[in-house]
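First comes the structure, then the notes that go with it.
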Amino acid sequence: MKVAVIGGGPAGILLVAELYLKFEQKMNNNNYYEIMWYDNENFLSGMMNKYEVPSNTKMDYLDEKLGFFERSPIGVLARVYPEIQKSINLVRANSLCTPSIIEHFDPSEGGWPKLKDMRNLFIEIANVLKRTNIVKHRNGKVYRCVKNKDTSLWTVHYGDKKDKTMDTNIELNSFCCGGKPASFLDDKIKRLTNNATNIIHMEDALSCKRLKKIVNQNDIV
């Protein structure tokens with residue numbers, strides 16, 4: 001069985017991790033599994049690599065109440081790969097004090113993580129996955145996916161169009177492309193607000209430098 005995951009952000013990394021753990025258990029002489037993994041930004045955790053603000057995910061709830069690092073595929077990998085557990089420990093240790101105004105409305109004793117530590121954790125997981133014999137990583141942008149009508153198998157075209165690089169006979173495609181597809185909602189929001197709203201895209205909202213150019217003190221956000 002050969003599957004494709006398109007996107008190397010947090011969603012893509014977690015999906016590949018989950019698939020890897022499932023396929024590893026099923027691997028034997030009669031069954032063979034491959035995960036074809038594509039990313040055009042060198043698997044540096046997607047948009048998480050570009051954030052310039054602290055994470056708004058509360059670590060005490062995510063970690064202790066939801067058991068994210070233990071119950072997700074991250075926890076299973078951490079028990080096998082010490083470098084992942086080391087990255088988890090860094091996330092837990094390097095917390096950032098919650099801004100007082102947010103702490104007032106939404107108190108948290110555990111503090112918030114520095115997002116760079118979360119990013120480093122996901123990059124470490126990606127690096128571990130890329131070294132396994134099941135995951136075949138492809139540095140390059142996917143520009144076309146074609147499904148064969150007769151076999152229902154996919155061909156994924158990636159990289160430079162001139163080189164015509166492709167992977168064939170793929171049984172399943174998963175697109176993990178984060179928040180960018182949400183841009184199709186822009187027109188709906190503008191119609192609902194009679195064009196009185198300026199849309200701030202996620203990649204701009206999570207960059208202090210970009211946000212300062214878009215928002216001023218008189219704006220209502």
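For reference, positions follow the sequence shown, starting with 1.
- Taken to the nearest 0.5 Å, the CZ atom of Arg144 stands 9.5 Å off from the NZ atom of Lys161.
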- side chain to side chain contact (heavy atoms under 4.5 Å, CB included) between Ser45 and Leu121, worked out: CA-CA 9 Å; Ser45 74; Leu121 167 61; over 6 Å; no

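- Other residues, nucleotides and ligands contribute only 12 or fewer heavy atoms inside 6.0 Å of the NZ atom of Lys86.
- By the side-chain hydrogen bond (donor to acceptor under 3.5 Å, both in side chains) test, Glu18 is found to be paired with no residue, residues two or more places apart in sequence or in another chain being considered.
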- Between Lys130 and Phe43, does a side chain to side chain contact (heavy atoms under 4.5 Å, CB included) hold up when you go through it step by step? CA-CA 9 Å; Lys130 287 192 295 181; Phe43 303 91; 4.0 Å; yes

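- In plain terms, the two heavy atoms of Ala126 and Trp37 that are nearest each other are CB-CH2, 3.8 Å.
- Val76 is listed as a side-chain neighbour of Arg79, based on a closest heavy-atom distance under 4.5 Å.
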- Message: Please evaluate residues Asn169 and Trp154 with respect to the criterion side chain to side chain contact (heavy atoms under 4.5 Å, CB included), reporting the C-alpha separation (whole Å), side-chain torsions for both, the decisive distance (0.1 Å), and the verdict.
- Response: CA-CA 6 Å; Asn169 298 323; Trp154 291 79; over 6 Å; no

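- Judged purely by distance below 3.5 Å, without hydrogens or angles, the side chains of Asn120 and Glu124 never pair a donor atom with an acceptor atom.
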- Message: Set out, in order, the CA-CA distance, both residues' side-chain angles and the distance that settles side chain to side chain contact (heavy atoms under 4.5 Å, CB included) for Phe122 and Ser87, then state yes or no.
- Response: CA-CA 9 Å; Phe122 277 94; Ser87 293; over 6 Å; no

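- One finds the CG atom of Leu19 at 6.5 Å from the OG atom of Ser174 (value rounded to the nearest 0.5 Å).
- Side-chain N/O atoms of Glu24 and Tyr20 include a donor and acceptor closer than 3.5 Å.
- Taking both residues in full, the closest heavy atoms of Pro73 and Leu14 are given as CG-O, 4.2 Å, listed atom of the first, atom of the second, then distance.
- Shown here is Lys141, whose NZ atom has no more than 12 heavy atoms of other residues, nucleotides or ligands within 6.0 Å.
- Closest approach of Ser152 to Lys147, counting heavy atoms only: O-CE, 3.6 Å.
- The heavy-atom pair separating Ala78 from Gln85 by the smallest distance is CB-OE1, 3.5 Å.
- Thr132 contributes no side-chain N or O that, together with a main-chain N or O of Val128, makes up a donor-acceptor pair within less than 3.5 Å.
- At a cut-off of 3.5 Å, with distance as the only test, a side-chain donor of Arg138 or Tyr158 sits close to an acceptor on the other residue.
- Residues Met47 and Ile123 are members of separate hydrophobic clusters, defined by side-chain heavy-atom contacts under 4.5 angstrom among Ile, Leu, Val, Met, Phe, Trp and Tyr.
- Annotation: the span from Ile84 atom CD1 to Asn89 atom CG amounts to 12.0 Å, rounded to 0.5 Å.
- Ion pairing between a basic and an acidic side chain is recognised when a charged N comes within 4.0 Å of a carboxylate O; Glu70 and Arg92 show such pairing.
- Contact annotation: the side chain of Val3 never approaches that of Met36 to less than 4.5 Å [non-hydrogen atoms, C-beta and beyond].
- Between Asn173 and Ile170, the closest heavy-atom pair is OD1-CG2, 3.5 Å.
- With rounding to the nearest 0.5 Å, the separation of CD1 in Ile13 from CD1 in Ile125 is 7.0 Å.
- Considering OG1 of Thr168 and NE2 of His157, their distance stands at 9.5 Å, rounded to 0.5 Å.
- His137 NE2 to Asn127 CG: the interatomic distance, rounded to the nearest 0.5 Å, is 9.0 Å.
- One side chain, Asp167 or Tyr38, offers a donor N or O that lies under 3.5 Å from an acceptor on the other.
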